[in-house]
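Below is one structure, written out as structure tokens; the observations come after it.
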Amino acid sequence: MNAATVLPRVQPHRLPKVCVAVTARDGDELIEKAEGLVRDNPFVEFRLDYLTRPGLALPKIKRFMDLHPHIFVIATCRRAAAGGKYRGSVASQIDLLGKAAAMGCQLVDLELQSALRIKPKQLEKLRTRASLILSYHDFKATKKLEETLAKMTPFQADFYKVVPTATTLHDNVVLMKFLEKASYDHSMVGLCMGEQGIISRALSVRAGSIFTFAALVPGEETAPGQVTAKMLRDLYRIEQVDAATRVYGVVGNPVSHSLSPTVMNAAFRRESVNAVYLSLHAKTLKDFLACVREIPISGVSVTMPYKQEILDSLDNTDAHTSKTGACNTVVRSQDGKLYGFNTDIAGVVRPVEQRTSLEKARVLVLGAGGAARAAVFGLKDRGAEVYILNRTSSKAEKLARQARARVLKKADLKKVSFDVIINATPVGMNGKDSPLKPDEIRARIVFDMVYDPQETRLLKLAREKGLEVIPGSEMFVHQAARQFEIWTGKPAPADEMRRVVLMELQERSALRNSKKTG
Ligand code: NAP
């Protein structure tokens with residue numbers, strides 16, 4: 001084909017929503033990875049800049065393109081100065097992209113910095129060979145997006161890609177508003193990098209981004225905060241996200257360890273609820289509150305350290321929240337009001353009541369923190385006789401006064417027995433310690449709120465004594481199920497939620513063990 005022939009442009013509406021970035025050291029590895037993913041992913045990006053000798057990979061790319069004419073491929077050779085790995089000149093970068101286009105890649109990605117350094121004719125020539133994505137990445141912040149686009153649009157491109165970094169949750173809102181406006185006039189691609197950019201990774205396609213990027217597998221991310229294509233599809237169901245999709249999430253600092261996104265997205269999927277649940281890492285509550293109304297977010301699970309702090313921002317709360325002084329669930333109503341609920345109480349009470357009546361039951365709660373408060377008030381409400389034992393006795397006394405419960409001294413542990421003992425301290429999270437010695441475990445049922453590891457030392461000791469045990473995952477499932485009910489008005493698929501929690505905990509445990517051994 002001669003240089004004057006203009007190829008048909010790639011039509012934005014024909015592109016899949018997810019483009020998987022493929023990196024490799026040589027052409028064989030690149031093609032092997034691409035072959036492995038094309039069945040499920042008809043849209044890939046070849047990162048030529050990761051190859052030690054990109055030129056050698058070109059014939060292999062050609063063979064691959066001939067074999068897979070139906071898939072879309074972007075060739076990218078990002079220079080180091082723009083955040084990539086390519087150390088060659090701009091001229092050789094353009095040359096490589098042109099050759100990749102000649103091998104069949106329908107799209108090429110060129111950063112603004114390089115476009116500014118070449119002659120308009122060179123860019124025009126490149127664009128006769130493939131559709132052009134003109135891109136700009138800001139690895140530090142989300143700012144001056146309109147100004148950036150204004151620098152890009154004098155160059156004729158098929159797609160304008162603007163990728164800043166989110167340092168707050170609200171940066172996602174800024175990016176998505178920008179995309180909404182810019183996509184009236186241009187075919188835009190945009191998302192925020194960074195851990196806090198997850199909102200835009202899942203939602204920017206409905207804000208006007210033609211597609212988004214994903215990693216092939218964990219560890220092969222080509223940008224900070226990138227998630228895998230499998231996560232985008234299976235967890236966040238990006239193919240189904242539309243204007244009607246409701247947004248939920250877990251807000252906290254940190255939240256990366258939270259089981260909630262896995263469990264809640266599975267529940268939404270099982271019950272065909274058009275909703276997505278995201279991890280909302282908010283460094284301040286103010287940042288989160290600024291997003292609630294703008295995204296908008298329909299509901300959140302609240303976790304440490306915001307369970308108390310959020311109370312001041314709520315328009316109303318349920319009785320459980322007022323009693324415990326802690327809120328773990330927020331609903332945003334149509335008129336924008338925020339209502340607070342506490343489902344930790346259901347998380348404690350439901351699994352116990354499935355095994356025994358709480359009316360007049362003698363229950364010992366270990367701990368006097370947030371989770372213990374939910375347990376003590378919930379159990380008292382159900383008519384249980386509650387005892388509290390805490391490392392700091394003054395806190396146990398205060399809670400006992402507020403909830404009309406009793407305090408137990410450590411020395412008296414061996415003298416009394418209970419129907420249920422509940423551990424509401426973190427002791428046991430290390431997989432070794434138990435808050436009680438074997439002769440101090442005098443009860444019919446032992447409930448450990450610690451859920452990771454699933455089988456704590458306390459539960460192991462209780463089992464050895466032939467006692468019934470309730471693992472912390474049960475509390476997790478029941479409090480999450482109650483949240484699902486509050487948000488959707490539907491019964492929660494608790495069995496599915498339990499299955500997903502247990503699978504995730506097993507995977508985490510296997511990962512820990514493999515790290516220890518390997
Ligand atoms: P918190 O508010 O920080 O309270 C922690 C409590 O544990 C305090 O009473 C503290 O005693 C006590 N404690 C901490 N370290 C201790 C130690 N080494 N020895 C003895 N006592 C100790 O925490 P929280 O929110 O109540 O959470 C407590 C546990 O419940 C955590 O492990 C959390 O993961 C678990 N939890 C599980 C679920 C679930 O869904 N399964 C839900 C919520 C919480 P002092 O007063 O003396 O500091």
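Given the structure is predicted, the values throughout are model-derived calculations rather than measurements. Indexing begins at 1, ligand by ligand and atom by atom, following the structure's order. Sequence positions, counted from 1, serve as the residue numbers for this chain.
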Report task. Compute the shortest N/O to N/O distance between R391 and ligand 1 and return yes if it is under 3.5 Å, no if not. Result -> yes

Requested in this report: Determine if the distance from atom 3 (O) of ligand 1 to the closest protein heavy atom is below 4.0 Å.
Outcome: no

Requested in this report: Look only at interatomic distance and state if G367 has a nitrogen or oxygen under 3.5 Å from any nitrogen or oxygen of ligand 1.
Outcome: no

Requested in this report: Name the orientation class of the two ring planes belonging to H137 and F139 (parallel below 30°, tilted from 30 to 60°, perpendicular beyond 60°).
Outcome: parallel

Requested in this report: Might you check, step by step, whether the distance between atom 47 (O) of ligand 1 and some protein heavy atom is under 4.0 Å?
Outcome: yes

Report task. Compare A372, P471, A424, S473 and give the one whose heavy atom is closest to atom 6 (C) of ligand 1. Result -> A424

Query raised in the report: Can an N or O of V427 be found at a distance shorter than 3.5 Å from an N or O of ligand 1?
Result: no

Query - Under-4.0 Å heavy-atom contact between protein and atom 33 (C) of ligand 1 - result: no

Query - Heteroatom distance test (N390, ligand 1): nitrogen or oxygen, under 3.5 angstrom - result: yes

Requested in this report: Using distance alone, decide if ligand 1 has a nitrogen or oxygen within less than 3.5 Å of any nitrogen or oxygen in G370.
Outcome: yes

Requested in this report: Would you confirm whether any non-hydrogen atom of the protein falls under 4.0 Å from atom 21 (N) of ligand 1?
Outcome: yes

Query raised in the report: Looking only at heavy atoms, is any part of R373 under 4.0 Å from ligand 1, and if so is it the side chain, the backbone, or both, or is it neither?
Result: neither

